[in-house]
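What follows is a set of notes on a single structure, which appears directly below.
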Amino acid sequence: MSGSTPGGNRSRDGNLIVENAAEIVTCAAGRAARGGAAMADPGVLSGALLVIEDGRITHLGPAERVQAELAARGTAVDRFSRLDAAGRCVLPGFIDAHTHLVFAGDRVDEFSRRLAGEGYLEILSRGGGILSTVRATRRASREELVRLGLARLDAMLAHGVTTVEAKSGYGLDRETEIRQLEVARELDRRHPVDVVATFLGAHAVPEEYRGRPSAYIDFLIAEVLPEVASRRLARFCDVFCETGVFSPQEARRILQAAADLGLGMKIHADEMSALGGAELAAELGAVSADHLLHVSPAGVAALARAGVVAVLLPMTAFSLREPYAPARAILEAGGAVALATDFNPGSCCSESIPLLAALGAVALGLTAGEIVTALTINAAAALGLASSIGSLEVGKQGDLVVLDAPSHRHLPYRLGVNLVERVVKRGRIVFDKRNPGGTACSPSNRS
Ligand code: NIG
Ligand code: FE
């Protein structure tokens, strides 16, 4: 919903009855993230029936009760498609709340250089890293970026992702930053997966402003942010607050300017060094603080107190061979954790939800229940969308995933294996592994 609203694809909204599931995991939490101990039990129903009408959930509960409710209302059940989930686990659609979806080129050489010992920030300071993707993205046409984005969304959908956040940040000039956000909007319109856009003009200091980060922030505030806000091209503003990139003072300036224009705030916080990004997120009332590999104990406490969602990206820590974020300490402080891929060409070139879940368990020490909460309702909260997506509850959007497994506990257990069998978006089956070309609204059949 890059400036548009989720529901832009209303003509595709469907009527669906999901029956016979071994379990339905609701993640029901009302309209907010679950923090601390409340993350552990995502809410598991057996013997339940789930009904979606015009893309929204209208009934969920014991099968007999729901059938009686439908009969009492005189609902013509032959209007509904049926999804037989026998022996399977049904979950809310996964929400990938932190990605850098729109870019051109790859950084496969950089991956080898990093493995041979060169540092991520060292490569960036020599004009490589993010800046090499900037060169490729500036050269790419809009059509090329759309083509690449649609293919990436197909791969994400096959992993059970029904909503994805997409950051700009590979333009670092007015024209290309705007183009990236316009592409995100077009992807949202054309693909079943909803795309929520974030303006990350402050992702790196471009060559034109080398050594002048503060002047670059002035430029973004004066020349780019107003257009992003007035055309509603992004819902959030993010900043890479990092040693050698943008200081906390510079981060504060751009985020406050964005908030004054009505955008929500996010921060790439304490990723490679403890700069106080988490404390800044709490002070400003950001919706999320992301990464947090080096967050201080004070930062952990501040996030929990302020209700800022900690978006953890363990695949990036894995790829960079950095220490993992202190997920258990965040939960012990009462904080809410979300998990996301950080899909990008440099630090983490992966859209793999199975690898993410496995690292959530093995590296972060999260339970299966906490992992499911982190991928659904807490991820929705990290996008300010917890009132419409992220859980299976009456009134919410009918977005769900069917796993080829009887329980959500298989999700981290099947290390790196994609268990997603079917995906439903607003009551329509948009992915079916058993019949990839034949779904009502498969990627190959998009508008
Ligand atoms: O979240 N840290 C900054 N941004 C991304 C990496 C982007 C890139 O390397 O292209 C991140 O890790
Ligand atoms: Fe990132």
Side-chain angles (χ1 to χ4, degrees), residues 96-115 118-138 140 148 152 164-172 176-177 180 184 196-206 213 236-246 250-251 254 265-273 275 277 281 286 288-295 309-325 338-351 356 359 379 382-383:
D96 193 345
H98 181 136
T99 86
H100 305 252
L101 176 70
V102 182
F103 62 85
D106 66 54
R107 307 233 294 273
V108 66
D109 293 339
E110 177 186 328
F111 186 67
S112 311
R113 283 165 63 190
R114 280 201 289 106
L115 291 177
E118 261 184 273
Y120 175 87
L121 290 174
E122 197 185 332
I123 294 170
L124 176 61
S125 71
R126 291 197 193 123
I130 293 171
L131 295 177
S132 79
T133 301
V134 167
R135 289 187 285 275
T137 305
R138 285 180 179 179
L148 290 166
R152 290 169 192 153
V164 65
E165 185 248 19
K167 301 176 193 295
S168 67
Y170 293 121
L172 312 187
T176 320
E177 284 295 315
Q180 277 192 281
V196 178
T198 293
F199 174 58
L200 179 56
H203 193 195
V205 182
F236 298 102
C237 179
D238 193 347
V239 51
F240 189 18
C241 180
E242 185 56 64
T243 306
V245 191
F246 297 105
E250 286 152 357
I254 184 133
M265 295 172 277
K266 291 176 165 286
I267 308 186
H268 276 68
D270 305 319
E271 180 177 356
M272 324 270 175
S273 50
L275 270 195
S288 72
D290 302 37
H291 286 289
L292 303 170
L293 308 188
H294 298 275
V295 64
V309 180
V311 177
L312 304 187
L313 310 155
M315 295 200 295
T316 307
F318 177 66
S319 165
L320 295 177
R321 299 199 280 197
E322 289 279 331
Y324 291 93
L339 287 170
T341 62
D342 197 20
F343 173 73
N344 75 74
S347 66
C348 183
C349 197
S350 177
E351 69 278 58
L356 176 58
L359 289 174
L383 297 182

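All ligand and atom numbering here is 1-based and tracks the order in the structure. Any value given below was found using the heavy atoms of this structure, including those in side chains, with hydrogens, waters and symmetry copies removed. What you are looking at is a predicted structure, and each value in this text was computed from that prediction instead of being measured.
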Please confirm whether Y120 approaches ligand 1 to less than 4.0 Å, judged on its heavy atoms. yes
Within-cut-off N or O pair, T316 and ligand 1, under 3.5 Å: no
Output yes if H98 passes the N/O/S-under-2.8 Å test against the Fe ion (ligand 2); output no otherwise. yes
My understanding is that we take every heavy atom of each candidate and find the minimum distance to atom 2 (N) of ligand 1. Doing that for H203, M272, E271, which one comes out nearest? E271
Between K266 and T198, is the side-chain contact (heavy atoms from CB on, under 4.5 Å) condition met? List the steps. CA-CA 9 Å; K266 291 176 165 286; T198 293; 4.2 Å; yes
From CA spacing to verdict: salt bridge (Lys or Arg N to Asp or Glu O under 4.0 Å), E118, R126: CA-CA 11 Å; E118 261 184 273; R126 291 197 193 123; 2.8 Å; yes
Shortest protein heavy-atom distance from atom 5 (C) of ligand 1, along with the residue and atom involved: H100 NE2, 3.5 Å
Among the N/O/S atoms of D342, which is closest to the Fe ion (ligand 2)? Give the atom name. OD1
Ligand-side contact atoms (ligand 1) for residue partner H98, heavy atom cut-off under 4.0 Å: 1 (O)
Would you compute the distance between atom OG of S319 and atom CG of L313 and round it to the nearest 0.5 angstrom? 12.0 Å
Give the intermediate values and the outcome of side chain to side chain donor-acceptor pair (under 3.5 Å) for residues T341 and D96. CA-CA 7 Å; T341 62; D96 193 345; 2.6 Å; yes
Flag the pair H203 / Y170 as yes when their ring centroid distance falls below 6.0 Å, and as no otherwise. yes
Rounded at 0.5 Å granularity, tell me how far CD in E242 sits from CD1 in I267. 12.5 Å
Tell me, do V102 and R152 make a side-chain contact under 4.5 Å, heavy atoms counted? no
Residue, atom name and distance, where the atom is the protein heavy atom closest to atom 12 (O) of ligand 1: S347 OG, 2.7 Å
Tell me the protein heavy atom at minimum distance from atom 11 (C) of ligand 1, and give that distance in Å. D342 OD2, 3.2 Å
Please identify which atoms of ligand 1 are closer than 4.0 Å to at least one heavy atom of R107. 8 (C), 9 (O), 10 (O)
Check whether any heavy atom of T133 sits under 4.0 Å from an atom of ligand 1. no
In terms of the angle between their ring planes, are F343 and F103 parallel, tilted or perpendicular, with boundaries placed at 30° and 60°? tilted
Which residue holds the protein heavy atom closest to atom 10 (O) of ligand 1, what is that atom called, and what is the gap in Å? Y170 OH, 2.6 Å
Can you tell me if E242 has a non-hydrogen atom under 4.0 Å from ligand 1? no
Mind checking the CD-OG spacing from E165 to S288? Nearest 0.5 Å is all I need. 7.5 Å
Minimum-distance N/O/S atom that H100 presents toward the Fe ion (ligand 2): NE2
